[in-house]
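In the text below, chain A, chain B and the rest are named by the order of the sequence lines, each starting its count at 1. None of the values given here were measured: they were computed from a predicted structure.
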Number of protein chains: 2
Amino acid sequence: MTTTSTKQEVLSKERLRLWLRMLRVTRQVEAALREKLRVEFDSTLPRFDVMAALYRDRDGLKMNELSKRLRVSNGNVTGIVDRLADDGLVERIAIEGDRRATRVRLTSAGRDAFTTMAVAHEGWVNALLDDVTVEDAHHIGELLHRLPAKTGEQAQ
Amino acid sequence: MTTTSTKQEVLSKERLRLWLRMLRVTRQVEAALREKLRVEFDSTLPRFDVMAALYRDRDGLKMNELSKRLRVSNGNVTGIVDRLADDGLVERIAIEGDRRATRVRLTSAGRDAFTTMAVAHEGWVNALLDDVTVEDAHHIGELLHRLPAKTGEQAQ
DNA sequence: GCTTAAAACTTTAAGCTTGAACTATTTCTT
DNA sequence: AAGAAATAGTTCAAGCTTAAAGTTTTAAGC
């Protein structure tokens with residue numbers, strides 16, 4: 001029995017294969033980074049992400065903005081910020097003129113901790129992607145840049 | 001003040017950028033798939049992954065093998081299989097000759113459910129990666145294939 | 001055969017994640 | 001100005017995830 005495939009079917013299968021491969025690589029790298037953060041700094045990827053977002057804006061961000069920036073639910077951010085605050089790495093600051101909102105920003109201890117972690121983090125990524133040349137990086141980056149077009153929200 | 005960067009430093013930054021971009025795309029696609037699975041089938045990505053692994057082997061897999069195949073902790077698999085079993089989609093079968101181990105396999109209801117979901121899943125991925133041509137898919141796939149070389153365990 | 005080590009799972013504690021429900025505050029409508 | 005709608009956050013329930021500790025069973029060493 002012979003099965004005939006249209007070009008569309010072949011393309012669909014090919015995209016699926018690509019997706020599974022991307023997923024595998026991403027998870028592998030993520031697992032390695034998570035492990036490193038845990039062992040070296042007793043921290044986590046979500047905490048690192050939050051601190052990275054706050055590092056860019058010295059004046060901090062509203063919970064709202066943080067949630068949008070990281071593309072995670074607002075309830076999620078609440079928990080992570082709670083724990084970072086418990087550790088003295090971030091602080092919540094009242095916003096005058098709007099008693100609903102809160103601004104979150106890194107404490108100086110938080111900034112110190114982040115800079116240390118960020119340097120290490122770049123090193124880990126650099127080592128994990130050791131096989132990637134500048135050309136590869138550019139090429140894949142370019143292709144990925146315009147990738148998920150159908151996901152509703154986009155933008156940065 | 002002028003800052004001079006070595007090639008290594010540039011490459012490191014470039015790899016970091018690539019990683020962040022990969023992460024963004026992957027998370028975006030994952031979020032879309034998760035949402036679809038939830039709304040259309042009241043299911044989740046981890047459940048889908050487990051069922052996909054079991055679908056390949058009609059006789060099922062030991063919890064052990066399932067855990068290795070999916071690269072997640074064994075305790076994790078226990079929970080997911082528990083819930084799938086509650087829904088009658090998988091069943092645990094005693095292995096004769098070794099009372100420690102259990103074999104898990106899809107029930108016929110599980111096979112039916114999975115085939116339906118798998119078709120939809122491929123369609124979603126195909127739509128999400130609409131901008132990817134066959135050439136792109138091949139190219140990125142090739143590059144990704146040899147990617148994380150320093151992660152300790154590899155293999156399939 | 002008996003003790004030790006290894007293997008296969010499960011359980012547990014802690015954190016991450018989401019969607020939905022809920023509270024408080026602000027803004028919009030009329 | 002009163003009521004309705006929107007906005008900002010938190011809380012909650014359920015599920016995912018890991019590492020570590022615990023259980024039961026099997027295999028190895030002596």
Side-chain angles (χ1 to χ4, degrees), chain A residues 23 26-28 30-51 60-87 89-90 92-104 153, chain B residues 23 26-28 30-51 60-87 89-90 92-104 153:
Chain A
L23 198 54
T26 306
R27 285 188 177 166
Q28 214 158 323
E30 247 186 319
L33 294 177
R34 197 184 315 121
E35 165 81 2
K36 280 289 192 184
L37 277 175
R38 186 179 65 84
V39 172
E40 307 279 338
F41 299 113
D42 191 27
S43 191
T44 67
L45 231 25
R47 288 168 67 112
F48 184 79
D49 290 344
V50 167
M51 293 177 79
L61 294 167
K62 292 197 299 180
M63 293 295 282
N64 214 0
E65 299 169 330
L66 202 41
S67 165
K68 280 204 193 81
R69 192 76 63 95
L70 302 174
R71 299 165 198 275
V72 298
S73 68
N74 42 5
N76 191 356
V77 174
T78 296
I80 300 172
V81 167
D82 281 350
R83 285 180 286 274
L84 285 174
D86 286 346
D87 294 349
L89 299 175
V90 306
R92 282 184 169 90
I93 297 164
I95 290 183
E96 44 187 312
D98 191 343
R99 296 195 299 179
R100 296 168 302 180
T102 321
R103 204 152 46 83
V104 188
E153 300 304 312
Chain B
L23 198 53
T26 306
R27 283 186 178 168
Q28 213 158 324
E30 245 186 322
L33 293 178
R34 198 184 314 122
E35 165 82 1
K36 280 290 191 181
L37 276 175
R38 186 179 65 84
V39 173
E40 306 279 339
F41 299 112
D42 190 26
S43 191
T44 67
L45 230 27
R47 288 167 68 111
F48 183 80
D49 290 344
V50 167
M51 293 176 80
L61 294 167
K62 291 197 299 181
M63 293 294 282
N64 214 359
E65 300 168 330
L66 203 41
S67 165
K68 280 203 192 82
R69 192 75 64 93
L70 301 174
R71 300 165 197 273
V72 299
S73 69
N74 42 6
N76 190 357
V77 174
T78 296
I80 300 172
V81 167
D82 280 351
R83 286 179 286 272
L84 285 174
D86 286 346
D87 293 349
L89 299 174
V90 307
R92 283 183 167 93
I93 297 164
I95 289 183
E96 44 187 315
D98 190 343
R99 295 196 298 181
R100 296 169 302 181
T102 321
R103 203 152 47 82
V104 188
E153 299 304 312

Within residues 38-46 of chain B, the residues having a heavy atom closer than 4.0 Å to DNA chain D are B/T44, B/P46

- Query: When we call it a touch if two heavy atoms are under 4.0 Å apart, what does A/R47 touch: a base, just sugar-phosphate, or nothing?
  - Reply: sugar-phosphate

Residues 73-83 of chain A vs side chain to side chain donor-acceptor pair (under 3.5 Å), sequence neighbours excluded, gives A/D82-A/R92

Is there a side-chain contact between A/V50 and A/V77, using heavy atoms and a 4.5 Å cut-off? no

Handout entry: A/I93 backbone acceptor or donor facing A/T102 side chain under 3.5 Å
Key = no

Sequence neighbours excluded, the answer for side chain to side chain contact (heavy atoms under 4.5 Å, CB included) partners of B/R27 is A/E30, A/D49, B/L23

From CG of B/L84 across to C1' of D/dG15 the rounded distance in Å is 12 Å

Between B/G79 and A/I95, whichever has its closest DNA chain D nucleotide further toward 5' is A/I95

A/I80 CD1 to D/dT11 P, in whole Å, measures 15 Å

Between CD of B/E30 and P of D/dT17 the distance, given in whole Å, is 9 Å

Check your understanding: Using a cut-off of 4.0 Å on non-hydrogen atoms, how would the nucleic acid contact of B/E35 be classed: base, sugar-phosphate, or nothing?
Key -> sugar-phosphate

Chain A reaches DNA chain C, atoms under 4.0 Å from its heavy atoms, from C/dG15 to C/dT26

Interatomic distance, CZ@A/R100 vs CG@A/N64, rounded to 0.5 Å, equals 9.5 Å

>> Taking any heavy-atom pair under 4.0 Å as a contact, classify B/R27: base, sugar-phosphate, or nothing.
In response: nothing

### Message
Just checking A/D86: does its CG atom have more than 12 heavy atoms from other residues, nucleotides or ligands closer to it than 6.0 angstrom?
### Response
yes

Quiz prompt | Sugar-phosphate only, base, or nothing, as touched by B/R103 at under 4.0 Å among non-hydrogen atoms | solution = nothing

To the nearest 0.5 Å, atom CD1 of A/I80 lies from atom OG of A/S67 at 10.0 Å

Taking the side chain as C-beta and beyond, is there a heavy-atom pair between B/V81 and B/L66 under 4.5 Å? yes

Would you tabulate the nitrogen or oxygen pairs shorter than 3.5 Å linking the protein to nucleotides 1-7 of chain D?
from  : atom 1 : to     : atom 2 : distance (Å)
D/dT7 : O2     : A/R100 : NH1    : 2.9

| task | Answer with base, sugar-phosphate or nothing: what part of the nucleic acid does B/V77 contact at a heavy-atom distance below 4.0 Å? | result | nothing

Checking all strands, does B/D98 fall into the base, sugar-phosphate, or nothing category for heavy-atom contacts under 4.0 angstrom?
sugar-phosphate

Going by an N to O cut-off under 4.0 Å, is there a salt bridge joining B/R38 and B/E35? yes

Hits for side chain to side chain contact (heavy atoms under 4.5 Å, CB included) against A/K36, two or more places apart or cross-chain, chain-then-number order -> A/E40, A/W124

For C/dG15, the nucleotide meeting Watson-Crick or G-U wobble distances (both under 3.5 Å) is D/dC16

Are A/R47 and A/L89 side-chain neighbours, meaning at least one heavy-atom pair lies under 4.5 Å? yes

On DNA chain C, more 5' by nearest nucleotide between A/S73 and B/T78 is B/T78

Between CG of A/N74 and P of D/dT11 the distance, given in whole Å, is 12 Å

Taken to the nearest whole Å, CG/A/L66 to P/D/dA8 is 14 Å

So CD of A/E65 and CZ of A/R103: to nearest 0.5 Å the spacing works out to 9.5 Å

In whole angstroms, the gap separating P of D/dT26 from CD of B/E96 amounts to 13 Å

